[in-house]
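A short write-up of the structure that comes next.
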Amino acid sequence: MNTITFAIESSCDETSTAVLSNGNVISNVVSSQYFHKKYGGIVPELASRAHVQLIDEIAMRCLDDSGLTRKDISLVAATMGPGLIGSLLVGYNYAKGFALSLGLPFIGIDHIESHLYSCFIGKEEIEFPFIALVVSGGHTILFLAESYSSYKVLGITHDDAAGEAYDKVAKMLGLEYPGGPLIDKLAQTGDPGFHKFPKSNIKGKPYDFSFSGIKTSVLYYLKKNFSEDISQLPLNDIAASFQAAVTGSLIEKTIKAAKDHNIKIIAVSGGVSANSGLRDGFREYEKKGYRIYFPEKIYSTDNAAMIGFNAFLKFSHGSISQTEKAILQNAYARFSYGKSN
Ligand code: KG4
Ligand code: ZN
């Protein structure tokens, strides 16, 4: 019998639910809270209120889209962290209530681990070990993934996450939040060699990142050259130069980690993995024998499909912690007789 997973993601500004059958996505509904644009960034309290207003509608629409009913579901999963606490609580408690009312097992899922596996949604199998770069608005982490339950953190950012740097530089250039996709679009018609912004380097820590230096250097560059007439900004050239510095250091450090560990499989995920410069840069290494995995673009930014996929992996590969096992067994024992519609 197929495992039907109903999954919820609400860790930040996306309210999302998904239905998966044995890890294959049947439906995935994502609603982004665009109203944060006018504040120039996410307002946590407003984000959680918006989740409360939308979660039930999104969940029901997703179930409808899947063509299945509540009776078909075998497992409920929700993001348990990291993320904005108020936003997390909405999705997590909705999912727990949903599971409880149907007598279904519930599992809390890690958001970053789910990004990491999003590269493999729809793929036949996952081969270990691989190097994983998770690069989003909140995190920039380089992992050595050894098995379903064993990851080593090789490197991490010392300050801003790469996506955060994109959003802050976009703001300096007068662009809306989230600025990552807008800078990416401008960069495609710009000259990456227009100005050399510094790449992130931390002495003695070859796999660690720092993006605040690049961000500050864009600020000084703008102040020095365009303080008089900001309308003269060559936006696309600045965007392309900034993008070259950020993606260059992400790629260099990831490839160094792969070389040092003698690994040829690389998985790049998280919101910034949608970036065209990053994708093109990594693709160059395919010619050198590397296997590079990216999520489909819809699974790069936050979505519930990746949460459901990760939950299914935990089920099918037994990589559930003792605590999670105890919770699930308890749920099965209490509710296996009382499955209702
Ligand atoms: O993974 P995600 O949806 O949320 C977090 O877990 O943080 O990532 C959102 C981040 C934002 O900073 C956004 O600007 C960035 O991903 N982003 C991009 C692109 N698309 C989204 N950054 C660069 N290029 C893109 N195409
Ligand atoms: Zn994310």
Side-chain angles (χ1 to χ4, degrees), residues 7-16 18 28 30-34 36-37 40-42 44 47 51 78-85 87-88 91 109-119 121 132-141 156-157 159-173 175-188 190 192 209 211 214-215 236 239-240 242-251 267-282 294-307 309-310:
I8 295 188
E9 153 65 32
S10 71
S11 66
C12 195
D13 59 341
E14 263 85 29
T15 316
S16 178
N28 178 48
V30 183
S31 169
S32 297
Q33 302 174 354
Y34 290 111
H36 293 289
K37 277 183 202 295
I42 296 165
H51 285 304
T79 310
M80 69 179 178
L84 302 172
I85 188 65
S87 294
L88 282 166
I109 292 290
D110 186 272
H111 182 85
I112 297 175
E113 188 188 53
S114 303
H115 270 305
L116 187 151
Y117 284 122
S118 66
C119 294
I121 296 177
L133 173 69
V134 181
V135 62
S136 71
H139 308 276
T140 302
I141 312 176
I156 196 157
T157 178
D159 36 60
D160 291 350
E164 193 180 353
Y166 261 96
D167 296 335
K168 287 177 178 169
V169 166
K171 204 170 175 180
M172 294 174 202
L173 299 178
L175 304 170
E176 280 188 331
Y177 177 88
L182 301 175
I183 292 195
D184 189 11
K185 196 158 176 234
L186 284 166
Q188 285 168 36
F209 303 93
F211 294 105
I214 301 179
K215 182 192 67 187
N236 52 353
F242 166 74
Q243 180 145 304
V246 174
T247 59
S249 73
L250 289 171
I251 294 168
V268 187
S269 60
V272 182
S273 74
N275 186 270
S276 58
L278 191 68
R279 287 188 177 225
D280 292 346
F282 269 117
F294 281 98
E296 270 184 58
K297 284 209 177 160
I298 41 161
Y299 303 135
S300 276
T301 43
D302 289 349
N303 67 89
M306 68 181 191
I307 305 299
F309 184 67
N310 190 7

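Counting begins at 1 with the first residue of the sequence. Order of listing sets the numbers, starting from 1, for every ligand and every atom in it.
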## Note on the structure
Heavy-atom proximity to atom 15 (C) of ligand 1, picking from Val272, Asn303, Leu278, points to Val272
### Query
Below 4.0 Å from any atom of ligand 1, is there a heavy atom belonging to Cys12?
no
### ligand 1 contacted by His111 (non-hydrogen, < 4.0 Å)
yes
### Message
Could you work out, for atom 14 (O) of ligand 1, the closest of Val134, Asp167, Ile112 by heavy-atom distance?
### Response
Asp167
### Query
Does Asp184 approach ligand 1 within less than 4.0 angstrom via side chain, backbone, both or neither, non-hydrogen atoms only?
side chain
### Query
Hey, which protein N/O/S atoms does the Zn ion (ligand 2) have under 2.8 Å?
His111 NE2, His115 NE2, Asp302 OD1
### Message
Hydrogens and angles aside, do Ser31 and Thr15 bring a side-chain donor and acceptor to less than 3.5 Å of each other?
### Response
no
### Query
Would you say the side-chain atoms of Ser16 pair up with the backbone N or O of Ala304, donor to acceptor, closer than 3.5 Å?
yes
### Pairing residues for Gln243 by the side chain to side chain contact (heavy atoms under 4.5 Å, CB included) criterion, not counting sequence neighbours
Tyr166, Ile183, Asp184, Ala187, Thr247, Asn275, Ser276
### Query
What is the closest protein heavy atom to atom 10 (C) of ligand 1, and at what distance does it sit?
Gly137 N, 3.4 Å
### Query
How many angstroms lie between OG in Ser11 and CG in Leu88, if you round to the nearest 0.5 Å?
5.5 Å
### Query
Can you find a non-hydrogen atom of His139 under 4.0 Å from ligand 1?
no
### Query
Can you tell me the protein heavy atom closest to atom 17 (N) of ligand 1 and the distance?
Gly271 O, 3.6 Å
### Message
Which of the numbered atoms in ligand 1 are under 4.0 angstrom from any heavy atom belonging to Gly180?
### Response
14 (O), 18 (C), 19 (C), 22 (N), 23 (C), 24 (N), 25 (C)
### Task
Answer yes or no: are there more than 12 heavy-atom neighbours, outside Lys37 itself, under 6.0 Å from its atom NZ?
yes
### Message
Holding to side chain to side chain contact (heavy atoms under 4.5 Å, CB included), I want the full list of residues that pass it with Ile298, two or more places apart in sequence or in another chain.
### Response
Glu296
### Query
Tell me, which protein residue and heavy-atom name are nearest atom 24 (N) of ligand 1, and how many Å apart are they?
Asn275 ND2, 2.9 Å
#### Entry: side chain to side chain donor-acceptor pair (under 3.5 Å) partners of His139, counting only residues at least two apart
none
### His111 and His115 aromatic ring geometry - parallel, tilted or perpendicular at 30°/60° bounds
perpendicular
### Message
Tell me whether Asp302 contacts the main-chain N or O of Glu14 through its side chain, where contact means a donor paired with an acceptor under 3.5 Å.
### Response
no
### Task
Kindly check if the number of other-residue, nucleotide or ligand heavy atoms within 6.0 Å of NZ (Lys297) is above 12?
yes
